[in-house]
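Have a look at the structure below before the remarks.
Quick caveat: nothing in here was measured; it's all calculated off a predicted structure. Residue indices begin at 1 and follow the sequence shown.
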Amino acid sequence: QVQLVESGGGLVQSGGSLRLSCAASGRTFSSRTMGWFRQAPGKERGFVASIISWSGGNTYYADSVKGRFTISRDNAKNTVYLQMNSLKPEDTAVYYCAARSGSPTVTPNMYDYWGQGTQVTVSS
């Protein structure tokens with residue numbers, strides 16, 4: 001089993017930045033593909049970014065966040081990060097960390113483990 005706990009959310013003005021963290025425990029973190037998803041009120045959970053398991057792993061981003069968000073991981077700390085810059089009101093959502101044992105995917109139901117989420121609110 002893998003347990004994931006997100007942190008770092010909060011209220012920020014449009015154009016500001018936040019860094020989300022996801023601390024993992026349980027089975028080996030370094031062997032997992034990690035992803036970030038978000039869900040806004042009234043909308044389905046959607047893909048934000050993912051990073052493959054190996055050191056210096058490839059990263060993948062939704063078009064809506066490309067160039068603004070950066071996903072990274074520190075396997076020694078069992079932590080994955082999402083640096084969010086140039087935030088927009090439409091980025092407002094609950095952000096979830098997720099893990100899977102296979103290849104990167106944008107499909108939420110292909111991820112095996114999920115955190116409880118952290119709220120990000122971007123004011124205009």
Side-chain donor-acceptor distances from residues 117-124 under 3.5 Å, at least two apart:
| residue | atom | partner | partner atom | Å |
| --- | --- | --- | --- | --- |
| T118 | OG1 | G9 | N | 3.2 |
| Q119 | NE2 | A93 | O | 3.4 |
| Q119 | NE2 | T121 | OG1 | 3.3 |

Contacts under 3.5 angstrom, residues 15-24 side chains, donor-acceptor by atom type, not counting sequence neighbours:
| residue | atom | partner | partner atom | Å |
| --- | --- | --- | --- | --- |
| S17 | OG | N85 | OD1 | 2.9 |

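Taking both residues in full, the closest heavy atoms of P108 and R45 are given as CB-NE, 3.4 Å, listed atom of the first, atom of the second, then distance. Between T107 and N109, the shortest heavy-atom contact is CG2-OD1, 2.9 Å. Between V65 and V48, the closest heavy-atom pair is CG2-O, 3.5 Å.
Counting heavy atoms from C-beta outward, M110 and P104 have side chains that stay 4.5 Å or more apart. A heavy-atom distance below 4.5 Å is found between the side chains of I51 and V80. Put simply, the side chain of R32 reaches to within 4.5 Å of the side chain of V2, judged on heavy atoms. The shortest distance between side-chain heavy atoms of T105 and F47 does not fall below 4.5 Å. Residues T33 and S101 form no side-chain contact, since every pair of their non-hydrogen atoms from C-beta on lies 4.5 Å or further apart. Two residues are said to be in side-chain contact when any heavy atoms from C-beta on lie closer than 4.5 Å; M34 and S50 fail this criterion.
Distance CG/L82 to CZ/R38: 9.0 Å, rounded to 0.5 Å. Between atom OG1 of residue T79 and atom CG of residue L4 there is a gap of 10.5 Å, rounded to the nearest 0.5 Å.
Screening residues 70-105 for ring pair (Phe, Tyr, Trp, His ring centres under 6.0 Å), with sequence neighbours left out, gives no hits. Listed by first and then second residue, the ring pair (Phe, Tyr, Trp, His ring centres under 6.0 Å) pairs that reach into residues 98-124 are F37-Y111, F37-W114, sequence neighbours excluded.
Atom CD of E90 sits in a crowded spot, with more than 12 heavy atoms from other residues, nucleotides or ligands closer than 6.0 Å.
Residue Y60 is grouped with residue V106 when hydrophobic side chains (ILVMFWY) are merged at heavy-atom distances under 4.5 angstrom, including chains of intermediate members. Hydrophobic clustering of Ile, Leu, Val, Met, Phe, Trp and Tyr side chains at less than 4.5 Å, counting indirect connections, keeps M84 apart from V94.
Applying the salt bridge (Lys or Arg N to Asp or Glu O under 4.0 Å) criterion to K66, with sequence neighbours excluded, gives D63. Taking R68 as the reference, D91 meet the side chain to side chain donor-acceptor pair (under 3.5 Å) condition, with sequence neighbours excluded.
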